[in-house]
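Only one structure is covered here, and it is reproduced in the block below.
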Amino acid sequence: MTDKDKDDIGAIPSIDDDRASVDLNGQRGKRASKGYLKDILIFGGVVVLILSVAGAFIWKALHKTDSVEAAKPVDPTLEKNVGSDEGNKGVDRLMTSIAERKAAEERLAEEKRKAEEDKRIKDEQDKQKALMAQLEAQGKLGNSNNANGAQNNGGANDKDAPPTPQQRKLQGKGLVFAGGDGKAGKGALTASQSVGGGLNKALEGGTYADGQVSLLRNRNLLLGMGKVLPCVLKTKVVTTFQGLPICQLTKDIYSDDNSTLLLEAGTMFYGEQQKALMQGQARVFINWTTARTPKGVNVRIDALGVDGLGAAGVPAWVDLHFWQRFGNAIMLSFINDAIATAANRASKNQDDNSIKVDNTQDAAKDMANTALENSINIPPTGYINQGELISIIVPRDTYFNNVYDIH
């Protein structure tokens, strides 16, 4: 190697030099082709790997589904094996055998029932035949060839003779005894007809005295029973204490025959309210004792106060005293709850030194029970304001002939 060649090693070829004819494009193209091939191989490997993993998952899922389906119990009576004629034939034979066995059981049950019915009918017929034979032997069954029957009936036809009790039973007929012969009595009753027991007491009605009839006289001076007297309250009624209510008649009241004026409008009625309301009641019972007419006639009437439709008692507004009955107990219960809540919070905040208020809670509970016992029996209070329109029903006939005279 010459010195020139050594100098040329590592030098950049000149454009004018003959050695400068280097195919740069060829070398660069080869390097680019090798890079593309490497990328394609890598991408292809990744795609193959992805497809392999996906295929493995799909295969595993399909085989898992098949194993689950295979693990399910198959009821040959519910569905047939798809694609297997032998399985279908086995199911058909099983279903056919079940149907035949069921039909055989039903047929045996029907035959048994029919045999029992035939036996019962035959027993009844045998009993009837035996009874008929016994009656014929005793000569009690009217027969045209029976001489005894002919003698007993005076030679008349046996068909005209009255049936015997046995014949009536066979014919389904019954006779009604109207009494009078004295043969039937307590001794003739059977065990099922004996006196007492069963529903005798429940079906036994009351015995009442005979009603009395009388003729009403002096109807022109009679204030008849059931007369309705409308009036308006002059005083307020409060059922806390007993009271003496006053009511004023609003129209003229005439006699039973509507010919004589007996009670003028403005007649004052004086009554008594003595009964306090009980729990659940909303009507006040008033007894009207005396009536005083504007002419100065006093009538002892002792009548019943009713509402506008005639119902007993006068409707009232009722105060149930709810808060007075339960308010103290509810308040003490709240106090007890507040004490318990405060004790719980204190015990949570101080773990070592917990506060106990059991005595206070017990005392509050006892106080609540005592308050409830003392106030639970407060009766309700009814209020009827003055000016309320009510009615009075006269309970008995009242004659005015000792004070009134008609000329």
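Residue numbers start at 1 and run along the sequence shown. Keep in mind the model is a prediction, meaning the values are calculated, not measured.
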Are the side chain of [X] and the backbone N or O of [Y] linked by a donor-acceptor pair below 3.5 Å?
| X | Y | answer |
| --- | --- | --- |
| S391 | L309 | no |
| R300 | A291 | no |
| Q273 | K275 | yes |

Contact summary for [X] and [Y], nearest pair of heavy atoms:
| X | Y | result |
| --- | --- | --- |
| L262 | N220 | CD2-O, 4.5 Å |
| K227 | L223 | CG-CD1, 4.1 Å |
| C231 | T250 | CA-CG2, 3.9 Å |
| P395 | A303 | CD-CA, 3.7 Å |
| I390 | V306 | CB-O, 3.7 Å |
| I393 | G226 | CG2-CA, 4.3 Å |

Where do D118 and K114 land on the side chain to side chain contact (heavy atoms under 4.5 Å, CB included) test, with the steps shown first? CA-CA 6 Å; D118 294 341; K114 186 175 180 182; 3.8 Å; yes
Value rounded to 0.5 Å, distance of [atom1] in [X] from [atom2] in [Y]:
| X | Y | atom1 | atom2 | result |
| --- | --- | --- | --- | --- |
| N287 | I392 | CG | CD1 | 10.0 Å |
| Y254 | E264 | OH | CD | 9.5 Å |
| R283 | D307 | CZ | CG | 4.5 Å |
| L216 | D257 | CG | CG | 10.5 Å |
| E388 | N385 | CD | CG | 7.5 Å |
| L222 | S259 | CG | OG | 10.0 Å |

Could you walk me through whether M268 and I246 satisfy the side chain to side chain contact (heavy atoms under 4.5 Å, CB included) test, starting with their C-alpha distance in whole Å, then the side-chain angles of each, then the deciding distance to 0.1 Å, before giving a yes or no? CA-CA 7 Å; M268 305 299 294; I246 301 174; 3.4 Å; yes
Please lay out, stage by stage, how F400 and L263 fare under the test side chain to side chain contact (heavy atoms under 4.5 Å, CB included). CA-CA 10 Å; F400 284 72; L263 299 175; 4.2 Å; yes
Exactly one candidate in V47, I40, V46 meets side chain to side chain contact (heavy atoms under 4.5 Å, CB included) with F43; the answer is V47
Name of the residue among L261, N218, T260 meeting side chain to side chain contact (heavy atoms under 4.5 Å, CB included) with S255: T260
Does the distance from a Lys or Arg side-chain N to an Asp or Glu carboxylate O, for [X] and [Y], drop under 4.0 Å?
| X | Y | answer |
| --- | --- | --- |
| D123 | K127 | no |
| R219 | D256 | yes |
| K102 | E105 | no |
| R120 | E117 | yes |

Does some side-chain heavy atom of [Y] sit less than 4.5 Å from a side-chain heavy atom of [X]?
| X | Y | answer |
| --- | --- | --- |
| R101 | I98 | yes |
| T267 | V299 | no |
| P230 | K251 | yes |
| Q279 | P380 | yes |

For the pair W288 and F269, name the ring-plane relationship: parallel under 30°, tilted 30 to 60°, perpendicular over 60°. perpendicular
Check the surroundings of atom CZ in R292: do more than 12 heavy atoms from other residues, nucleotides or ligands lie under 6.0 Å from it? no
Quick one, R113 with E110, criterion salt bridge (Lys or Arg N to Asp or Glu O under 4.0 Å). Give me CA distance, side-chain angles, the key distance, then yes/no. CA-CA 5 Å; R113 187 192 63 79; E110 181 66 20; 2.6 Å; yes
Between E272 and L244, is a side chain to side chain contact (heavy atoms under 4.5 Å, CB included) present by the stated rule, with each step listed? CA-CA 5 Å; E272 296 178 354; L244 298 174; 3.9 Å; yes
